[in-house]
Amino acid sequence: MKLPPRPFWIAQLAGWGSYFLILWLSGLAYAAEPSFRALLEFLPAKAVLASLGFATSLGLFAVYRHLLPERPRTGRLVLVAVAASLLFGVVWSAAASRLLWPEKPVWPGAFKSGLNSGITLLAWSALYLAFTYRARLDAETERALRADALASQARLEMLRYQVNPHFLFNALNSIRALIEEDRAKARQMVTELSEFFRYSLLHARSGEIPLEAELEAIRSYLAIQEIRFEERLEVTWEVEESAKAARLPGFLVHPLVENAVKYGMETSPMPLRVGISARLAAGRLVVEVTNTGTLGSNGTCEGTGTGLANVRERLAHHFPGRHAFTIAQEGERVVARLEVPAEGA
Amino acid sequence: MKTRLTALLVDDERLARAELRRMLAAHPEIEVAGEAGDVAEAEAAIARLSPDVVFLDIRMPGASGFDLVEKVPAGTRVVFVTAYSEYALRAFEANALDYLMKPVPPERLAAAVRKLLDGAPAASAPGRPLHLDDPLIVPSGTHYRVVRVRQIVCLRAARDSSEAVTADGRTTLVGRSLKEWEELLPPRHFLRVHRSTIVNVEHVERIEPWFKAGFRVRLRGLPEPVEVSRRHAALLRERLV
């Protein structure tokens, strides 16, 4: 079992410490004659009581951890808290009775005093549950804020793709060259460029997008790169029909393709071969982008830091704990593999 | 002054080379002697053709245009042709080399050709402030050299120009006056300490007293200390504390 965090122990020590002090000092009220000696006399018994309370509350902690879901209904919460507090109250009293007055029978006295102890534990439970849900609320608020920040960053990142100056100006330069050389190709390039920018400027702005739309934009992007790099770039596609409807956040696959071209051009023997595949497997969408060439020595492509980090963070945000993303050298290819639940397919 | 120059075009994209060749066809003074698709090819072509000018793309697969620059004989002019400036632009504006942005406007190319024919240093307009990682491309002996701004230990006035001492102890003429450099270099790192010296604060080893109320600084990699004039000493000490 996971151990409770540090603040829990601090609160626990402070709480039961205070409980012990109050119990001990209030003992004076019952003393025949209030005196320092009388105080010393109660000390061991009160210390045992408080320690047992401390131990019992740890049992309660375990019970709440196991029996209460992330967001319990109010009815269930109250029921579990009252039942557990009373039950542990009886346990507490029985243990105290056995330890402090071994000559007296434990039952039924423990039931009677167990009610009192139970009420004390119920107060403990209230505090504990309040703190726990408060902490959870804080964490959730923080996560929401972080998700917001990520979304803005992603928007910025997309903006960078929308106006990626290097890609745009190189493409325009190629078009200008083609106008003299091969008008049909020049016209095709203008079309592809328009399609790509239409997707990035108009569609990929927000929400989830069918994989098909993203792949279309990638097709345009690669068509432009194929014209630019001519015989140095070869692209193969392997996309299952059923995978096309799967929905995922826009511009999640494109950065992988952009990296494959950019770093493949640096490290691959010519021609650079880029492969894109998408399939459904056991309710999961698997997208792979491969390129011939080598991955940076430390397992990450040098310089791909921000692009890939953004992909990772957006995956974690959209599919928390339900996705897998790896980038690895497999033989003479670098393989980026993305796996998410197939939603919408 | 030459009336006709031979040129080598270096770009990994055939279309980009073809486009530049077509544009240069409008300038009969420039004769395209050859093309190269990567740095290795370009090196061989330079050795074979000894062109007067190299039109050079910066971003190419494998080695970059900057890698080639150090292999270009200092007599050969270099004109960078790039799609996207990044840090490079600032450096070119601070340099004697020219640069063009793709797609190249015809009038911009015409201006560059004019400057090549004049043999005048190309970019002399005041540049934008430099960053520590910006590359400066300077002629050094028989070849060009790429010097990163942060490598500069100090700059000294040298006749009507300036010379830079780099961390490896080499001295290179970098053109421009000290006053111009003072405006271009990042002021957080470079400080004028004397009428004839700018130092890179990062490379200061220690300050020592020098005659009455004067100072000298010892710089990393420099055997001789540099004199600090009295009116600059306070500023320097302030910066170093």
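This one's a predicted model, so the numbers in the text were calculated from it and none came from an experiment. Sequence lines set the chain letters: A, B, ... in the order given, protein chains first and strands last, and positions in each chain run from 1.
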Which residues pass the salt bridge (charged side-chain N to carboxylate O under 4.0 Å, His left out) test with A:Arg333, not counting sequence neighbours? none
Could you tell me which residues in residues 13-43 of chain B have at least one non-hydrogen atom under 4.5 Å from a non-hydrogen atom of chain A, sorted by residue number? B:Glu13, B:Arg14, B:Leu15, B:Ala16, B:Ala18, B:Glu19, B:Arg22, B:Met23
Toward chain B, the part of A:Glu266 with a non-hydrogen atom under 4.5 Å: both
Which atoms of A:Ile227 approach chain B - backbone, side chain, both or neither, heavy atom under 4.5 Å: both
Option in A:Glu180, A:Met265, A:Arg232 with maximal non-hydrogen atom pairs under 4.5 Å from chain B: A:Arg232
Which pair of non-hydrogen atoms, one from A:Met189 and one from A:Ala171, has the smallest distance, and what is that distance? CE-O, 3.7 Å
Nearest heavy-atom contact between A:Gln329 and A:Leu295 is OE1-N, 2.8 Å
side-chain contact (heavy atoms from CB on, under 4.5 Å) for B:Val146 and B:Tyr144? Distances and angles first, verdict last. CA-CA 7 Å; B:Val146 180; B:Tyr144 287 98; over 6 Å; no
Testing the 3.5 Å rule here: is there a donor-acceptor pair between the side chains of A:Arg228 and A:Gln225? yes
For the rings on B:Phe80 and B:Phe55, is their centre-to-centre separation under 6.0 Å? no
Quick check against the 3.5 Å criterion: does B:Arg145 have a side-chain atom that pairs as donor or acceptor with the backbone of B:Leu136? no
